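What you see is a predicted model, and the numbers here were worked out from it, not measured in a lab.
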Amino acid sequence: MTRRILVTSALPYANGSIHLGHLVEYIQTDIWVRFQKLRGNDCLYFCADDTHGTPVMIRARNEGIAPELLVQRMHEEHQADFKAFSIGFDNYYSTHSEENRILSEEIYCKNRDAGHVQTALVRQAYCNKDAMFLPDRFIRGTCPSCGALDQYGDACESCSATYAPLDLKQAKCALCGEPPVEKSSEHLFFRLSDFEPFLKEWTRSGALQAEMANKLDEWFESGLKNWDISRDAPYFGFEIPDAAGKYFYVWLDAPVGYMASTWNYCKRTGRSFDAYWRPGSTAEVYHFIGKDILYFHTLFWPAMLQGGGFRTPTAVFAHGFLTVNGQKMSKSRGTFINARHYLDHLDPEYLRYYYACKLSGRVDDLDLNLDDFVLRVNADMVGKVVNLASRTAGFIHKQFQGQLCPDYPADGGLYQSFVQAGEEIAAWYEAREYAKAMRAIMALADTANRYIEENAPWSLAKQQKEAELHAVCSVAINLFRVLLTYLAPVLPVMAERTRDLLNLPALTWEGCRLPLCGTTIKPFKHLMARVDPKQVEALLAAARPQELPPQSGEPVSPPPLPSSPPALATIPLESFAQVDLRVARIVQAELVAGADKLLKLNLDLGPLGPRTVFAGIRAAYSPESLTNRLTVVVANLLPRKMKFGLSEGMILAASREDNTDKTALFLLSPDAGAEPGMKIG
RNA sequence: GGCGAGGUAGCUCAGUCGGUUAGAGCGACGGAUUCAUAAUCCGUAGGUCGGGGGUUCAAGUCCCCCCCUCGCUACCA
């Protein structure tokens, strides 16, 4: 009996590029969907860009283009990235679409008419110059608690105090720098508390993983709060039908994008939208999400659907966050890796396999350990799996014109055991326990390699025992085919190459219950290249930012310092005063012919005049990125004659004490306002 | 501060209701082999299961305290 299944991944926001953290989710979901399809189920996978809200609006404004244009550009970028990683959406749509507007309005109006929407006055920071209300992240000022400068409107990064945006001292609009004023406005609120009984029951319906249900209980205990669903103009989004100048908050119409994408697909293909989303639907509906957006998907979303006259999801599957080498992704460490960066250096199938090896059905975080990544992919994929075909296909081709044995040879029940193992593997996939599935598959690969070893086709060839040789290699190729079928959800590209090698119309779970006999296979070609650690190094180098001043957005966390004691003895102030530190502007930076570590810098020290300094920072900075930036220079350092010229000072940069990572180098910068030549101390 | 998850071999992880000498894969080391993308096969070493206390005939597994990591939360959801 085929199941009818609808699957979604969370919608990526149109303000940013896809990175390796996003890909945990898309790869996890895609594997599941491909698995369902491979098993013969009627499974559809929908997603879309999440396009609305202030950040998109502002970014478009900064770029001087219409938000629609920005959104469209990002849509294309996202789709290209997904395609490269073989994320096989059946439809990838946009929340900025007519379908989404109609559905959002329907959900809103039904809830409103049923009394689930109320109004309330909200006091907010408002910028007169920009003529808009400012979200917390768009206000900067001095922390009222510790006095740290230039903090966001919601919390201090320095002392982690939280406060209202209007409590900030010397608050400024992040866009224009003007101080905001306080202004109140009427907002619409979704009465989430109306749905508490329904939600409590839905939570216990098996829709949630145990950890998530626990989290929900916490929220229930602290009481469900009503949800502010409107924003005032100007806002990039959908205007609320009965409230001119007010727009749906982006998070209201974002999940509706799942439905809009479905609808758009159904219109194109003649399928029934209602069969998926209206009450009475017998389809299974699953949302894959990150644990950070649990609240939206397990409280607001089911409540909105319930109140809006739609069915609720069968289940929501949350996963944890990605860490790289055990730490949060970090731009300065070069571990904030965009999909694009990765694609420039490495094969997407490596990542798909590695993630699969680490994924479970629980909400645990997942670590991408790059050393482990290289070893594991090479050992498992190339060493164990591909090797099966590569060590036997040659014999089939050279000695038997590519034809497999016409009758399946006696193999001591090996093939049957592989087929049987498929049931367990399928159960792991179904439960999203990919790590366990991968282990089971690799155990089979070990068995297959052992079989070859024990039957030594190379000696059979020497002894000219052709029948036996043919049998052993035919068995091996058949075992290989089963393995690749089991791996197909994870490795669609390699599975496709295998399908081609074996001259099959398709690899399917059912199809491999019976072995291939008498068919002809094509000459063996490489199915997957081995990972070169140098590719990983190159990736990290490329992901490291070329320009230091961080964009607003993710705070850049400092690399941990080694916990060694201070290396040097204490000195009196007078000693320090002998160092003449000055602000310098880098007028020009250039590569130095014959030196692979150095950059030649032309500095402007203001009243002290121009200087030339050679600095060993080429590993971390490109010349272009330095032009015109300010930094700190030791101005009274004894000039140093070098092979390439005279160096008249030294610029200051931070690096690790052990100096293991040559690219972990960070130039110092004065805060804005400093001028070349200013004395530091 | 509150809550949650986690701390098991060099690395990544499994360890079901507490039960015999704590497991796997990778890596390391030693052998074998040469068909294969230096792949494969056999074998060896390596862990006071974060620390301390307790319950028990028996604790990685239960209870208490502490340390460390990560995350969420603290008039955002």
* Pairing pattern in dot-bracket form [Watson-Crick, G-U; both distances under 3.5 Å; | = partner strand] for RNA chain B -> (((((((..((((.....[...)))).(((((.......))))).....(((((..]....))))))))))))....

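Mapping Leu366(A) and Trp227(A) onto RNA chain B by nearest heavy atom places Leu366(A) at the nucleotide closer to the 5' end.
Regarding Gln124(A), its CD atom lies at a distance of 14 Å from the C1' atom of rC75(B), rounded to whole Å. Nucleotide rU69(B) holds its C1' atom 15 Å from the CZ atom of Phe321(A), rounded to whole Å. Whole-Å rounding puts the Asp228(A) CG to rC75(B) C1' distance at 13 Å. In this structure, the CG atom of Leu322(A) is 15 Å from the P atom of rC70(B), given to the nearest Å. In this entry the distance linking OH of Tyr353(A) with P of rG25(B) reads 13 Å, nearest Å. Following rounding to the nearest Å, Lys291(A) (NZ) and rG6(B) (P) show an atom-to-atom distance of 11 Å. Going from atom CG of Asp365(A) over to atom C1' of rG4(B) covers 12 Å, rounded to whole Å. rG23(B) atom P lies 24 Å from atom CE of Met442(A), rounded to whole Å.
Using atom C1' as the reference point in both rG15(B) and rG25(B), the two lie 15 Å apart (nearest Å). Atom C1' of rU61(B) sits at a distance of 14 Å from the matching atom of rU55(B), rounded to the whole Å. Across rG60(B) and rU21(B), the matching P atoms stand 11 Å from one another, rounded to whole Å. Using atom C1' as the reference point in both rC13(B) and rG7(B), the two lie 13 Å apart (nearest Å). For the C1' atoms, the distance linking rU16(B) with rG43(B) amounts to 31 Å, nearest Å. The same atom, P, is picked in rU33(B) and in rC42(B); the two are 15 Å apart, to the nearest Å. Going from the C1' atom of rG46(B) to that of rA9(B) covers 6 Å, rounded to whole Å. Taking atom P in both rC64(B) and rU20(B), one finds a spacing of 25 Å when rounded to whole Å.
Applying ring-ring contact (aromatic ring centres under 6.0 Å, His included) to Phe248(A) and the options Tyr108(A), Phe190(A), Trp227(A) leaves one that passes, Tyr108(A).
Applying the ring-ring contact (aromatic ring centres under 6.0 Å, His included) rule to pairs touching residues 437-465 of chain A yields nothing, sequence neighbours excluded.
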* **Evaluation steps, ring pair (Phe, Tyr, Trp, His ring centres under 6.0 Å), between Tyr434(A) and Trp428(A)** => CA-CA 6 Å; Tyr434(A) 304 159; Trp428(A) 291 137; over 10 Å; no

* Residue pair Trp301(A), Phe296(A): steps toward the ring pair (Phe, Tyr, Trp, His ring centres under 6.0 Å) verdict -> CA-CA 6 Å; Trp301(A) 179 231; Phe296(A) 296 98; over 10 Å; no

* Start with the C-alpha distance between His52(A) and Phe238(A), add both sets of side-chain angles, then the distance that settles ring pair (Phe, Tyr, Trp, His ring centres under 6.0 Å), and finish with yes or no. => CA-CA 8 Å; His52(A) 293 150; Phe238(A) 295 134; 4.6 Å; yes

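Taking the six-membered ring where tryptophan is involved, the planes of His19(A) and His22(A) are tilted, since the angle between them lies from 30° to 60°.
The closest side-chain heavy-atom distance from Tyr342(A) to Leu539(A) is below 4.5 Å. Side chains of Trp219(A) and Leu294(A) form a contact here, defined as non-hydrogen atoms less than 4.5 Å apart. Using a 4.5 Å heavy-atom cutoff, the side chains of Met304(A) and Leu252(A) are in contact.
A cation-pi arrangement is present between Arg231(A) and Tyr249(A) under the rule of less than 6.0 angstrom and at most 45 degrees off the ring axis.
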* Asked: What string of B, S and - do you get for nucleotides 34-41 of chain B, 5' to 3', when a contact is any protein heavy atom under 4.0 Å?
  -> SBBB-SBS

Between the protein and nucleotides 43-47 of chain B, list the N/O to N/O atom pairs that are separated by less than 3.5 angstrom.
none

Measure all distances between protein nitrogen or oxygen atoms and nitrogen or oxygen atoms of nucleotides 9-12 of chain B, and list the pairs falling under 3.5 Å.
| from | atom 1 | to | atom 2 | distance (Å) |
| --- | --- | --- | --- | --- |
| rU12(B) | O3' | Lys358(A) | NZ | 3.0 |
| rU12(B) | O2' | Lys358(A) | NZ | 3.3 |

Donor-acceptor contacts, no H, no angles, side chain residues 393-403 of chain A, under 3.5 Å, sequence neighbours left out:
| from | atom 1 | to | atom 2 | distance (Å) |
| --- | --- | --- | --- | --- |
| His397(A) | NE2 | Ile521(A) | O | 3.1 |
| Gln403(A) | NE2 | Gly518(A) | O | 3.0 |

